[in-house]
Amino acid sequence: MMRWILFYFIIINVLSFFQMGFDKRRAKRHEWRVPEAHLFLAALAGGSVGSILGMRVFHHKTRHWYFVWGMPAILILQIVLLFVIWRGWM
C-alpha cells in the first residue's frame with residue numbers, strides 16, 4: 001500500500017512540474033493556456049512540490065501573489081495533514 005501512495009505522489013508531482021512548463025510554453029506562444037484552477041487542483045491533489053519546482057525552474061507564475069503564497073501554503077497544509085494522519089496511526 002505504501003508503495004502505491006509513494007508512486008502516486010511521484011507521478012502527480014512530475015505531472016504538476018511539467019504542467020507548469022507546458023503552460024509557460026503556451027504563454028510564450030500566445031496560445032490557449034492551462035486554466036489557473038487546474039494548476040491549483042494539481043497542487044491540491046498532492047503535486048504542490050512539483051508545482052513549486054515548476055514555478056521556479058520555468059519562471060512561471062512568479063509574479064502572481066496567489067501562486068507565490070498559495071502553492072507554499074498548500075504544501076504546508078499537506079505536510080500538517082500528513083503529520084496529523086501519521087500521528088493518528090501511531
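Note that the coordinates shown come from a computational prediction; the quantities given were computed from them, not determined experimentally. For the numbers below, each heavy atom of this structure counts, side chains included, while hydrogens, waters and symmetry mates do not.
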Exercise for the section: Examine distances only and state if a side-chain atom of Gln78 and a backbone atom of Ala43 form a donor-acceptor pair shorter than 3.5 Å. Expected result: yes

Practice task
Compare all side-chain heavy atoms of Val34 with those of Phe22 and state whether any distance is below 4.5 angstrom.
Solution key: yes

Practice task
Ignoring hydrogens and angles, tell me if any N or O in the side chain of Arg26 forms a donor-acceptor pair with the backbone of Arg33 under 3.5 Å.
Solution key: no

Fill in the blank from the handout: To the nearest 0.5 Å, atom CD1 of Ile74 lies from atom CH2 of Trp69 at 14.5 Å

Practice task
Indicate, with yes or no, if Phe9 and Phe18 share a hydrophobic cluster defined by side-chain heavy-atom contacts under 4.5 Å among Ile, Leu, Val, Met, Phe, Trp and Tyr.
Solution key: no

Exercise for the section: Establish whether Trp65 and Leu39 are linked, either directly or via other cluster members, by ILVMFWY side-chain heavy-atom contacts under 4.5 Å. Expected result: yes

Exercise for the section: State yes or no: do Phe58 and Ile12 share one hydrophobic cluster built from I, L, V, M, F, W and Y residues joined by side-chain heavy-atom distances below 4.5 Å, directly or via other members? Expected result: no

Practice task
Please work out whether the ring planes of His64 and Tyr66 are parallel, tilted or perpendicular, with thresholds of 30° and 60°.
Solution key: tilted

Handout entry: Pairwise side-chain contact, Phe17 with Val57, heavy-atom cut-off 4.5 Å (strictly under)
Key = yes

Exercise for the section: Could you tell me whether Lys61 and Glu36 have a side-chain N and a carboxylate O separated by less than 4.0 Å? Expected result: yes

Problem - Where Ala42 and Ser16 come nearest, the two heavy atoms and their spacing - result: CB-OG, 3.4 Å

Practice task
Classify the ring geometry between Phe7 and Trp4 as parallel (under 30°), tilted (30 to 60°) or perpendicular (over 60°).
Solution key: perpendicular

Exercise for the section: Using atom types as modelled and distance alone, determine if a side-chain donor or acceptor of Asn13 lies under 3.5 Å from a backbone N or O of Gly46. Expected result: yes

Problem - Test item: Thr62 and Arg56 side chains (from C-beta on) under 4.5 Å apart, heavy atoms - result: yes

Exercise for the section: Determine whether Ile52 and Leu44 fall in the same hydrophobic cluster, where Ile, Leu, Val, Met, Phe, Trp and Tyr are linked whenever their side-chain heavy atoms lie under 4.5 Å apart. Expected result: yes

Practice task
Find the distance between CG (Leu82) and CD1 (Ile5) and round it off to the nearest 0.5 Å.
Solution key: 9.5 Å

Problem - Validation row: Met71, Ser48 side chains within 4.5 angstrom (heavy atoms) - result: no

Practice task
Using a cut-off of 6.0 Å, state whether more than 12 heavy atoms not belonging to Arg25 lie near its atom CZ.
Solution key: no

Exercise for the section: Identify whether Leu6 and Val49 are in the same connected component of the hydrophobic contact network (ILVMFWY, side-chain heavy atoms under 4.5 Å). Expected result: yes

Handout entry: Min side-chain heavy-atom separation His60-Met55 under 4.5 Å
Key = no

